[in-house]
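Here is the naming used below: chain letters follow the sequence lines, and residue numbers restart at 1 for every chain. Here the structure is a predicted model, which means the values were calculated and not measured.
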Amino acid sequence: MADEKGLNFLEEIVENDLKAGIYKNIITRFPPEPNGYLHMGHAKSICLNFGLALKYGGKTNLRFDDTNPVTEETEYVEGIKNDIKWLGFEWAQELYASDYFEKLYEFAVVLINKGLAYVDDSSSEEIARLKGTPTQAGTDSPYRNRAVEENQRLFSEMRAGKYKDGEKVLRAKVDMAHPNMHMRDPLMYRIKHAHHHRTGDAWCIYPMYDFAHGQSDAIENITHSICTLEFIPHRALYNWFIEKLEIYPSQQYEFARLNMTYTVMSKRKLLQLVNEGHVRGWDDPRMPTLSAVRRRGYTPESIRDFCDKIGVAKRENLIDVGLLEFCVREHLNKIALRRMVVFDPLKVVIINYPEGKSEMLPGENNPEDHDSGNREIPFTNKLYIEQEDFMENPPKKYFRLAPGEMVRLKSAYIIKCEEMIKDDSGKVIELRCSYVPESKSGSDTSGLKVKGTIHWVSIPTAVTAEVRLYDRLFKVENVGDMEGDFKEYLHPNSLQILQNVFAEPSIKSAVGDERFQFLRKGYFTLDQDSSMDKLIFNRTVTLNDMWAKEVKKG
RNA sequence: UGCCCGAUGGUGUAACUGGCAACACGCUUGAUUUUGAUUCAAGAAAGUCCAGGUUCGAGCCCUGGUCGGGCAACCA
């Protein structure tokens, strides 16, 4: 069976349009508002918009939808550009809705001249009241039938700054009884005496989304304007403006936004988590933002793969975060350098290995990539192993270290636990083990077969580091479905910091965005807080752990 | 008492546009393994929201329901 996955509905639309000769090339756009950082939901949209243009021959513009100066900042513009580049996409042009303010103003005048727009002096409360309800028609505003000349004068006075915020608005004259609420004389312009991140103080009137988005699409000759489901009711208005203005007929299509288990995917909620200090910032590795998953160690390849796997459709969805984890494990398994790091140390002394002796043992950097070579791992008679790799009274299926039992030290020797040393409270604080000299990794002539292999670190050369372990941000699967404040469902232990773990010395050369697999522990990458004096690693994702599952089953 | 979307294994997406429901994740079992990782093999799991209709044949078309979601920011 060919693994040609069927086309998604948007690809189908594009293919049909191309086949019908409606377009020679397609042009899409990714239109973020610079009022927050991009998240995984945006990644889906980015992959979709850029992916379509890449697949069918065309281009994608990056257009900032910056029509609301009070929430938008240059900081976000830079962050967004950075995230898109990191994901691996290149936009044809970097554009801003604010580039079109003059043009949009002209469009508004055209509608005024056609008698299709009017200045309304009503308060926002009054406008809301006259709008009616979904089941009840609205009522015409008393200003609805102003003369064209008066509207022209008033609108230009609005622009000139003659009025205060909220004193007047420009509205499209459509139909106050329309069953679609968005068609009941929607606002086109409002007065905001606010500083805009790009146009500065040049304007004191700003277009609404509905009077900016479709027009911007038309100006750029966007063929397929793809947005999320909540804009479906706006489509009628989108088309109305295009028709009345007689501009390029961009077509709007809608798809279902991404939702993931154990997290939230709305800028509003994410901003709240940041502002109220529930996380350390937009790039806190527990966040679903792109800056956060990047910091956490996710690769752009794995995110693109994820976006590909989740598909595109119009029905609401809740994607298992486990799928994202699968994608990143799959990629990291191929590229991560293997290293041994002990998180929770238990001292082991090899009683028959000479005191003071040291040898270097080679360990594969990555068994999945034979070109990756080896690194040298020092071995001595004093080691750390993981506390959890020893049990005084092991259950039957436990095949790690136990009194009298043998285990393989990865890339080194087989050892046998000869003696336990306990403190006054009875806690095991040290193991005395013997090693089998003929069992050396790579030249094992011992003939011994052991069930378990564990990781270890030689104490004299151990390098200490900090490790940050992340768990799901929320403790419930479907946060959006819960009653009350979503913050009540935050997972209290989503971040666990281990200040002092012990790593093999080769870890010291870790740089930048190198990915590591700490054997049997998970995938890690250096955090940006890391320094020469203090190494800090983020756990990107754990390894699959059958044993943990077994233990859980009991 | 409106208008608009949607409904396929646990999750997500397919099904040559009317031809015996497939793929991925997850799950179970087994093999391999110097990571209880990876890899490999096998398997369980939906008869497509319901009821009618058209048809030789319906997940796809028609009708009527049911359920879920959206729509009344000078937000996008």
Side-chain angles (χ1 to χ4, degrees), chain A residues 1 3-8 12 31-33 35 65-68 70-72 120 123-124 127-129 131-138 165-171 178-184 187-192 205-206 208-210 212-213 227-236 254 256 261 267-268 309-320 322-327 329-330 333-334 338 340 363-364 367-368 397-400 407-414 439 441-442 444 450-455 517-522 542-550:
Chain A
M1 189 134 291
D3 58 344
E4 287 173 27
K5 205 172 149 194
L7 301 177
N8 68 49
E12 208 164 290
E33 183 188 10
N35 67 346
D65 237 327
D66 55 350
T67 56
N68 186 1
V70 303
T71 57
E72 296 153 5
D120 195 332
S123 66
S124 75
I127 289 174
R129 196 177 65 77
K131 206 135 204 168
T133 70
T135 55
Q136 226 175 294
D165 288 10
E167 218 174 317
K168 286 180 167 41
V169 291
L170 181 72
R171 291 228 255 170
H178 199 107
N180 179 345
M181 297 291 292
H182 293 273
M183 298 297 271
R184 321 245 259 230
L187 270 59
M188 293 165 59
Y189 269 91
R190 76 288 216 193
I191 299 170
K192 275 183 194 283
I205 57 172
Y206 293 92
M208 298 289 291
Y209 166 86
D210 285 311
H213 201 94
C227 59
T228 45
L229 256 28
E230 65 269 27
F231 290 98
I232 289 177
H234 294 249
R235 190 173 62 227
E254 311 85 8
T261 54
K267 272 195 276 188
R268 199 195 99 245
K309 283 187 159 69
I310 60 177
V312 180
K314 296 188 76 160
R315 71 181 87 111
E316 309 240 328
N317 58 78
L318 180 63
I319 308 280
D320 186 348
L323 181 61
L324 213 211
E325 295 176 342
F326 165 81
C327 292
R329 283 191 189 105
E330 190 179 45
N333 178 46
K334 292 186 194 129
R338 313 292 132 125
M340 292 199 284
E364 283 179 304
E368 306 290 322
K397 285 197 285 191
Y398 185 84
F399 44 86
R400 312 208 281 217
V407 79
R408 154 79 60 186
L409 294 177
K410 176 72 180 174
S411 300
Y413 301 93
I414 289 173
S439 68
S441 205
D444 186 348
V450 294
K451 279 182 292 182
T453 299
I454 64 174
H455 62 279
Q517 184 197 104
F518 293 172
L519 251 49
R520 307 204 300 139
K521 286 290 177 191
T542 60
L543 255 30
N544 280 325
D545 190 347
M546 285 301 181
W547 174 242
K549 206 179 285 180
E550 197 69 36

Donor-acceptor under 3.5 Å ([X] side chain, [Y] main chain):
{"X": "Gln136(A)", "Y": "Gly132(A)", "answer": "no"}
{"X": "Arg329(A)", "Y": "Thr542(A)", "answer": "yes"}
{"X": "Asn8(A)", "Y": "Gly311(A)", "answer": "no"}

Distance between [atom1] atoms of [N] and [M] (Å, rounded):
{"N": "G19(B)", "M": "G57(B)", "atom1": "P", "result": "14 Å"}
{"N": "G59(B)", "M": "A15(B)", "atom1": "P", "result": "15 Å"}
{"N": "G26(B)", "M": "U11(B)", "atom1": "P", "result": "16 Å"}
{"N": "A7(B)", "M": "C49(B)", "atom1": "C1'", "result": "7 Å"}
{"N": "A76(B)", "M": "C20(B)", "atom1": "C1'", "result": "48 Å"}

Assign [X] to base, sugar-phosphate, or nothing according to its heavy-atom contacts below 4.0 angstrom with the strands shown.
{"X": "Leu323(A)", "value": "sugar-phosphate"}
{"X": "His234(A)", "value": "base"}
{"X": "Tyr189(A)", "value": "nothing"}
{"X": "Asp210(A)", "value": "nothing"}
{"X": "Met340(A)", "value": "nothing"}
{"X": "Thr542(A)", "value": "nothing"}
{"X": "Val70(A)", "value": "nothing"}
{"X": "Phe326(A)", "value": "sugar-phosphate"}
{"X": "Thr71(A)", "value": "nothing"}

Counting C-beta onward and ignoring hydrogens, is there a side-chain heavy-atom pair between Arg171(A) and Ile127(A) closer than 4.5 Å? yes

For the atom pair CG (Leu519(A)) and CD1 (Ile454(A)), what is the distance rounded to the nearest 0.5 Å? 11.5 Å

Could you tell me the separation between the NZ atom of Lys521(A) and the NE2 atom of His455(A), rounded to the nearest 0.5 Å? 5.0 Å

Rounded interatomic separation in angstrom, taking [atom1] from [X] and [atom2] from [N]:
{"X": "Met181(A)", "N": "C75(B)", "atom1": "CE", "atom2": "P", "answer": "17 Å"}
{"X": "Met188(A)", "N": "A76(B)", "atom1": "CE", "atom2": "P", "answer": "14 Å"}
{"X": "Leu324(A)", "N": "G26(B)", "atom1": "CG", "atom2": "P", "answer": "12 Å"}
{"X": "Leu318(A)", "N": "G26(B)", "atom1": "CG", "atom2": "C1'", "answer": "14 Å"}
{"X": "Asp120(A)", "N": "C74(B)", "atom1": "CG", "atom2": "P", "answer": "11 Å"}
{"X": "Met208(A)", "N": "C74(B)", "atom1": "CE", "atom2": "P", "answer": "6 Å"}
{"X": "Glu330(A)", "N": "C40(B)", "atom1": "CD", "atom2": "P", "answer": "10 Å"}
{"X": "Glu364(A)", "N": "A37(B)", "atom1": "CD", "atom2": "C1'", "answer": "13 Å"}

Return the pairing partner of [N] with a 3.5 Å limit on both distances, Watson-Crick or G-U wobble; otherwise return none.
{"N": "C3(B)", "answer": "G70(B)"}
{"N": "C23(B)", "answer": "G12(B)"}
{"N": "C61(B)", "answer": "G53(B)"}
{"N": "G36(B)", "answer": "none"}
{"N": "A76(B)", "answer": "none"}

Protein-to-nucleotide contact annotation, 5' to 3' order, nucleotides 28-36 of chain B [B base; S sugar-phosphate only; - none; under 4.0 Å, heavy atom]: S-----BBB

What's the closest nucleotide to the side chain of Ile127(A) if the choices are G12(B), C74(B), G69(B)? C74(B)

Of the options A76(B), C3(B), C25(B), whose atoms approach the side-chain atoms of Pro179(A) most closely? C3(B)

With sequence neighbours left out, write down each residue that passes ring-ring contact (aromatic ring centres under 6.0 Å, His included) with Tyr398(A), or none if nothing qualifies. Trp547(A)

Parallel, tilted or perpendicular: rings of His234(A) and Tyr209(A) (30°, 60°): perpendicular

Once hydrogens and angles are ignored, does a donor-acceptor distance under 3.5 Å link the base of A37(B) to the side chain of His455(A)? no

Both Ile232(A) and Asp165(A) contact RNA chain B. Taking the nearest nucleotide for each, which residue is further toward the 5' end? Ile232(A)

Are any of Arg190(A)'s side-chain N or O atoms less than 4.0 Å away from OP1 or OP2 of C75(B)? yes

To check you understand the geometry: which heavy-atom pair defines the closest contact between Pro134(A) and Arg184(A), and what is its length? N-NH2, 4.3 Å

Search all heavy atoms of Glu33(A) against all heavy atoms of Asp65(A) and return the closest pair with its distance. CG-O, 3.4 Å

